[in-house]
Amino acid sequence: MRPDTPAENVDHTTEAARLERTAGLYPEDAEALLLQAAAHLELAGDRPAATALYDRLLSSSVALDSPYLVRALKASNLWEYGHEAEARAIIDGVRAASPRDPAPWVIVAEALESHDELEQAQETFSEGARLLLTDVPEPPYSAHPLMFGRHRVRRMLGLAHDEWDILADTLHSMPISLDELHDPKRVWSLGSENPAELEAEISRLRAELGAYREALSRPFPVAVLHWTADELAELVAAYPDLAEEYPSHEEHLATIEASLRELSASGTPNLGIVTGTVPSYEAFAASELASPGDATLLPQYATTLAARGRAVAWPPQRGVACWCGAGRGYGECHGMRA
C-alpha cells in the first residue's frame, strides 16, 4: 500500500532517502522498498526523482517481481507532470501485455480516469476484469479495487449495471452502497448550502475513508514460509534441529497447502506465501541475537519477509503457475483437491 500521510506530518524526502538506503542493505527487497521510496517522492512533489527510481528498477539486471506494476506507476507519475504522450504509450504497453496481477490494471485505469478519459478507463477496468475474473468463483481481495473502480467509472458514464457491477455491490461491506458512493451528483452537493446535503456527503466520505482505512490496515498478508528443495536441504544440513520441523520437502509442501486451506476455511483473509533463503534467514537470526536452529524464529522470519513485500498471494490466480515452483499450473498441482 502506498503511503498517504499528509506532507505536513511526514518529511517524505527524508523517508524516501531512508528507504533507498535500506534497499542497499537488503537487495532482495529492493523492488518493494524503492517503490515505497518513489511514492514518498511523489507525495513530496519531486516527480522527476520518482521517475528516476522507476527507471532504476526497470533498467536493473535483476528480474522484477512486478514489472508491469512499476511501469504502471511510472506512467501515472509521468502524466502528472506533463509527459502525457510517454504516459499513454506506457499505458498502452501495459494493457497489451495483459498482466495477471490486478494492481497494474487499477493504476493505469485510474490514471486515465483522473485525466477525464472515462471511456478508456472503463475499457481498461473491464479488460482487467475479463482477464482475471472470468470463471473465478469469488474475486480475491486483491481484485476488489478493480471491481470497485470499474463500478465507479461506469456509474459516472451512466451505464446500466451488469453482473460485475452487481458483484462489486456484494463485495462492498460499508454501510453506504457503491451506487450512492459513486453517484456523480455528489460533486454538486459539495457546493451546496443545504445543511442536509452537506451532512449526507460527510457521511458518504466517512464511509469511503472507512473502506480506505480497512485496506491500509492490511499492509501485508498472513504468510506461510516456503523453502525450495535445495534451500531446505541446505537449511537442515546446517541446522539439524530443524529436521523435526521439516521431515521432507514433499511433506513441507503439503503442510503449506493444508495450512493455507485451513486458514482460509476459518475465515482468515489476505493469505500469502513467502519463500526463504538460508543466507537471508541466518541474517535475520543474527539480527534477533538468536540461533538459526531455533524453530520459533521461523514464523517471525515469515512475517518479516511479508512486511518487506515478499509475499505472493494465495491461492494463485487462474492460469498462474503453482507456488511450489514445479512449473505446473496451480490447478494441476497443489490446487487439485483429493
Exercise for the section: Walk me through it: do M147 and L133 pass the test side chain to side chain contact (heavy atoms under 4.5 Å, CB included)? Expected result: CA-CA 10 Å; M147 302 293 290; L133 302 177; 3.0 Å; yes
Exercise for the section: Go through the steps to decide whether R56 and E20 satisfy the test side chain to side chain contact (heavy atoms under 4.5 Å, CB included), and finish with yes or no. Expected result: CA-CA 11 Å; R56 175 178 162 185; E20 285 194 66; 3.2 Å; yes
Handout entry: Candidate pair T275 and L305, rule side chain to side chain contact (heavy atoms under 4.5 Å, CB included), full reasoning
Key = CA-CA 8 Å; T275 299; L305 292 179; over 6 Å; no
Exercise for the section: Please test E127 against R150 for side chain to side chain contact (heavy atoms under 4.5 Å, CB included), starting from the C-alpha separation and ending with a verdict. Expected result: CA-CA 10 Å; E127 284 175 22; R150 182 179 182 276; over 6 Å; no
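By the criterion of side-chain heavy atoms lying less than 4.5 angstrom apart, applied directly or through intervening Ile, Leu, Val, Met, Phe, Trp or Tyr residues, F284 is not grouped with I273; the two fall into different hydrophobic clusters. Hydrophobic cluster membership differs between L112 and M156, with clusters built from Ile, Leu, Val, Met, Phe, Trp and Tyr side chains linked at under 4.5 angstrom. Linking Ile, Leu, Val, Met, Phe, Trp and Tyr residues whenever their side-chain heavy atoms come within less than 4.5 Å places L253 and W314 in a single cluster. Follow the hydrophobic side-chain contacts under 4.5 Å out from V70 and you never reach V94; the two are in separate clusters. Following chains of ILVMFWY side-chain contacts shorter than 4.5 Å, one cannot reach L35 starting from L19, and the two form parts of different hydrophobic clusters.
Judged by distance alone, with hydrogens and angles left aside, the side-chain atoms of D92 form no donor-acceptor pair with the main-chain N or O of A89 at under 3.5 Å. Between the side chain of H249 and the backbone N or O of W227 there is at least one donor-acceptor pair closer than 3.5 Å. Although no hydrogens or angles enter the test, the distance criterion places no donor-acceptor pair under 3.5 Å between the side chain of S76 and the main chain of A72. Not one N or O on the side chain of R100 forms a donor-acceptor pair closer than 3.5 Å with the backbone of L132. Formation of a donor-acceptor pair under 3.5 Å by the S264 side chain with backbone atoms of L260 is not found in this model.
Taken to the nearest 0.5 Å, the NE2 atom of H334 stands 6.5 Å off from the CD atom of E257. Summarising the geometry, atom OH belonging to Y54 is positioned 4.0 Å from atom CD belonging to E42; distances are rounded to the nearest 0.5 Å. L41 CG to E15 CD: the interatomic distance, rounded to the nearest 0.5 Å, is 10.5 Å. Considering OG1 of T277 and CD of E234, their distance stands at 9.0 Å, rounded to 0.5 Å. One finds the NE2 atom of H83 at 4.5 Å from the OH atom of Y81 (value rounded to the nearest 0.5 Å). Here the CD-CG distance, from E31 to D65, works out to 4.5 Å after rounding to the nearest 0.5 Å.
In this structure the side chain of Q120 reaches within 4.5 angstrom of the side chain of R95, judged on heavy atoms. Two residues are said to be in side-chain contact when any heavy atoms from C-beta on lie closer than 4.5 Å; T13 and D46 fail this criterion. The side-chain heavy atoms of H161 and H151, taken from C-beta on, include a pair separated by under 4.5 Å. Side-chain contact between L298 and Y281: present, with at least one pair of heavy atoms (C-beta onward) separated by less than 4.5 Å. Looking at D294 and Y239, their side chains never come closer than 4.5 Å, going by heavy atoms from C-beta outward.
The number of heavy-atom neighbours closer than 6.0 Å to OH of Y68, taken from other residues, nucleotides and ligands shown, is 12 or below. Atom CG of D230 sits in a sparse spot, with 12 or fewer heavy atoms from other residues, nucleotides or ligands closer than 6.0 Å.
In this structure, a donor-acceptor pair under 3.5 Å is absent between the side chains of Q300 and T296. When only modelled atom types and interatomic distance are considered, S280 and Y301 share a side-chain donor-acceptor pair under 3.5 Å.
Between E113 and the choices E117, H115, E110, the side-chain contact (heavy atoms from CB on, under 4.5 Å) rule is met once, by E110.
Closest heavy-atom contact between A111 and I91: CB-CD1, 4.3 Å. Between L225 and I256 the shortest heavy-atom distance is O-CD1, 3.5 Å. Contact detail for L131 and P99: the closest heavy-atom pair is CD2-O, 3.3 Å. Contact between L69 and P104 at its shortest, heavy atoms only, is N-CG, 3.6 Å. Of all non-hydrogen atoms in A87 and L78, the two that sit nearest each other are CB-CB, 4.3 Å. R71 and I90 get closest at one heavy-atom pair: O-CG2, 3.3 Å.
Taking the six-membered ring wherever Trp is involved, the centroid distance between the rings of Y141 and H144 falls below 6.0 Å.
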